[in-house]
Structure formats: C-alpha cells, structure tokens
Student: 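Next up is a structure, given as structure tokens.
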Amino acid sequence: MKTRQNLIETAGRVFADKGYHASTSREICDLAGVNTAAVNYYFGGIRPLYEAAVSEARREVVIPPEAFAAILEHAEPLDQLKAYYGLMARRLLSPAERSWQIRLVTREMVTPTVSTLIVDEDFLAPQVHWLRDLLARMLDRPLDHPDIGRAELALNAPFMVLATVERGVLESIAPSLAEREREIEPMSCALETFALAGLQALARKCPGH
C-alpha cells in the first residue's frame, strides 16, 4: 500500500506539471524510486494510474469545510472574495508536492484527456453556486445574467493559468514566482486588485449591454 500510494503521489505531481500525454511510466517510477515495472504491477498501466491520481485529487481539491466557513464569516461580499483569492493563491503557489491535486484537476477540466468521466462539475457545485451568488450580489445582476458567467470566467482564469502552465514557463514570465512562499501574498494582492477593478467596471456598465 505504501508503494501504491507513493506512485499515486509521484505520478500526480508529474501529471500536474506535464499532463497525461507528456508523462511516462519510466519517469514516474524513477522519481518514486521503484522498479520500472511497478506501474503495471500495481495499476495495470499508466492510464489506470492517471485515473487513480485524478480520483484522489478530486477529494483534495474542494475547499475544506473549515476554510469555506472562514470565508463565509466575512459579512461583506468584497471581503469574502478577498478571502477566496487569498486561499486559492496560497494553494496554487505552494510547493508542488502540496498543490498537485488542485493543479491536476484544473488541468483535466481545462484540457480533458482520458479521464473525462471522472471529472465533472458536481463535486465543485457548492463552491460554484457560492461564487455565482456572490458575483450576482456584487454586480447587482440576476443569477442568469450573462455578466455573471463572464465575471466568473475572468475571475478564475488566473487560477487556471497558475494550475496548468508549467512552472518553469511561469517563472520565465514572472521570475518572482520562483520564490513561491514569499510570492503568495503579493500575488494574491495583485489578483485581487485586477479582479476588483474589473468587477467595479462591470458593475458600472449598463446591465443591458
């Protein structure tokens, strides 16, 4: 069981960084420190290993109940949004061994591979509904207004980039990301600044346009 879990954890980090198609059993086994036949022995191939990693990642990617409760403790929608951005930035900018789950699930949702049936929106439904309701209140729009979907996509786009683009590429664009622990708060503030400015501009826009 220890070897099997070690393979899932190691493979999860590799899949999160490179995606399914660019990952190999040999690389995963080398990094895990096990025989190259271990993937076939424990999982029957790289595809079942990938599906096992995605399944495990799903359990970790949802905002934990205590963290979600802490977000909801803020009375003002603006403060809730700031808390959400801070939490997501910390999770995505943490070292690879602590953030592979959310990066893998996000990658699979953005660019589906062999695991489409494993990843669906139902497990994220509470978070999705909360965010849409928050945006509706901040924009003073009904939930079915097109601006809600536009704002939701714009708000989550930076997280999709942080989750799916290889870290070396990100660091070549923003070298400060190499110091991940130190960069968490500044990056969170930058994301908040752009997000809130965009929401304020959208709120000022005539709802019919």
Student: Step through the shown structure and confirm whether more than 12 heavy atoms of other residues, nucleotides or ligands are within 6.0 Å of CZ on Arg26.
Tutor: no

Student: Evaluate the ring planes of Phe15 and Tyr50, with Trp represented by its six-membered ring, and classify them as parallel (under 30°), tilted (30 to 60°) or perpendicular (over 60°).
Tutor: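 The rings of Phe15 and Tyr50 stand perpendicular, inter-plane angle above 60°.
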
Student: Any ion pair linking Arg13 and Asp17 (charged N to carboxylate O, less than 4.0 Å)?
Tutor: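 Judged by the 4.0 Å cut-off on N to carboxylate O distance, Asp17 and Arg13 do not form a salt bridge.
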
Student: I'd like to know if the side chain of Ser172 and the backbone of Val169 have a donor-acceptor N/O pair within less than 3.5 Å.
Tutor: yes

Student: Taking the side chain as every heavy atom from C-beta outward, state whether Thr3 and Tyr41 have any atom pair closer than 4.5 Å.
Tutor: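 No; the side chains remain at least 4.5 Å from each other.
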
Student: Show the nearest heavy-atom pair for residues Ser23 and Gly19, with the distance to one decimal.
Tutor: OG-O, 2.7 Å

Student: Dump the intermediate steps for side chain to side chain contact (heavy atoms under 4.5 Å, CB included) on Lys18 and Glu27, then the final yes or no.
Tutor: CA-CA 11 Å; Lys18 296 186 172 183; Glu27 178 183 13; 2.8 Å; yes

Student: Which atom pair, heavy atoms only, marks the closest approach of Leu139 to Ala151?
Tutor: CD1-CB, 4.0 Å

Student: About how many Å separate CG of Asp79 and CG of Leu72, when rounded to the nearest 0.5 Å?
Tutor: 12.5 Å

Student: Would you compute the distance between atom CG of Leu135 and atom CG of Asp140 and round it to the nearest 0.5 angstrom?
Tutor: 13.0 Å

Student: Decide yes or no for Val128 and Glu152: does some side-chain heavy atom of the first lie under 4.5 Å from some side-chain heavy atom of the second?
Tutor: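 Contact flag for Val128/Glu152 side chains = yes.
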
Student: Do you know which two heavy atoms are closest between Ile8 and Ala53, and how far apart they sit?
Tutor: CG2-CA, 4.0 Å

Student: Do Trp100 and Glu9 touch side chain to side chain, with heavy atoms closer than 4.5 Å?
Tutor: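 In contact.
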
Student: Measure the spacing between CG of Leu49 and CG of Asn40 and express it to the nearest 0.5 Å.
Tutor: 10.0 Å

Student: Side chains of Val34 and Thr10: closer than 4.5 Å at any heavy-atom pair?
Tutor: no

Student: Please evaluate residues Tyr20 and Arg47 with respect to the criterion side chain to side chain contact (heavy atoms under 4.5 Å, CB included), reporting the C-alpha separation (whole Å), side-chain torsions for both, the decisive distance (0.1 Å), and the verdict.
Tutor: CA-CA 8 Å; Tyr20 172 74; Arg47 173 170 175 160; 3.5 Å; yes

Student: Rounded to the nearest 0.5 Å, how far does CG of Leu143 lie from CZ of Arg132?
Tutor: 9.0 Å

Student: Should Cys29 and Val39 count as side-chain neighbours, where that means a heavy-atom distance under 4.5 Å?
Tutor: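 Yes - at least one pair of side-chain heavy atoms lies under 4.5 Å apart.
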
Student: Is it possible for you to say whether Ile173 and Leu191 belong to one hydrophobic cluster, with membership spreading through side-chain heavy-atom contacts below 4.5 Å?
Tutor: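 Same hydrophobic cluster.
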
Student: Which distance, rounded to the nearest 0.5 Å, do you find between the CG of Leu155 and the OH of Tyr85?
Tutor: 4.0 Å

Student: Are any non-hydrogen side-chain atoms of Phe43 and Arg4 less than 4.5 angstrom apart?
Tutor: yes

Student: Would you say that more than 12 heavy atoms from the other residues, nucleotides or ligands in this model lie under 6.0 Å from the CD of Glu66, or not?
Tutor: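 Above 12, so yes.
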
Student: Report yes if some heavy atom in the side chain of Met88 is under 4.5 Å from a heavy atom in the side chain of Ile102; otherwise report no.
Tutor: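 They are in contact (side-chain heavy atoms under 4.5 Å apart), so the answer is yes.
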
Student: Closest heavy-atom contact between Ala16 and Leu104?
Tutor: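 Between these two residues, the closest heavy atoms are CB-N, 3.9 Å.
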
Student: Which heavy-atom pair separates Ile148 from Pro142 by the least distance, and what is that distance?
Tutor: CG1-O, 3.5 Å

Student: Check the angle between the aromatic planes of Phe159 and Tyr84 and answer parallel, tilted or perpendicular using the 30° and 60° thresholds.
Tutor: perpendicular

Student: About how many Å separate CG of Leu131 and CD of Gln80, when rounded to the nearest 0.5 Å?
Tutor: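 The CD atom of Gln80 sits 10.5 Å away from the CG atom of Leu131.
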
Student: Could you walk me through whether Thr113 and Arg107 satisfy the side chain to side chain contact (heavy atoms under 4.5 Å, CB included) test, starting with their C-alpha distance in whole Å, then the side-chain angles of each, then the deciding distance to 0.1 Å, before giving a yes or no?
Tutor: CA-CA 9 Å; Thr113 54; Arg107 177 184 286 275; over 6 Å; no

Student: Report yes if some heavy atom in the side chain of Gln5 is under 4.5 Å from a heavy atom in the side chain of Met1; otherwise report no.
Tutor: no

Student: Kindly determine whether Val54 and Glu51 satisfy side chain to side chain contact (heavy atoms under 4.5 Å, CB included), including the steps that lead there.
Tutor: CA-CA 5 Å; Val54 173; Glu51 293 177 346; 5.7 Å; no

Student: Looking at every heavy atom in both Ile71 and Ala83, which two are closest together, and how far apart are they?
Tutor: CG1-CB, 4.0 Å

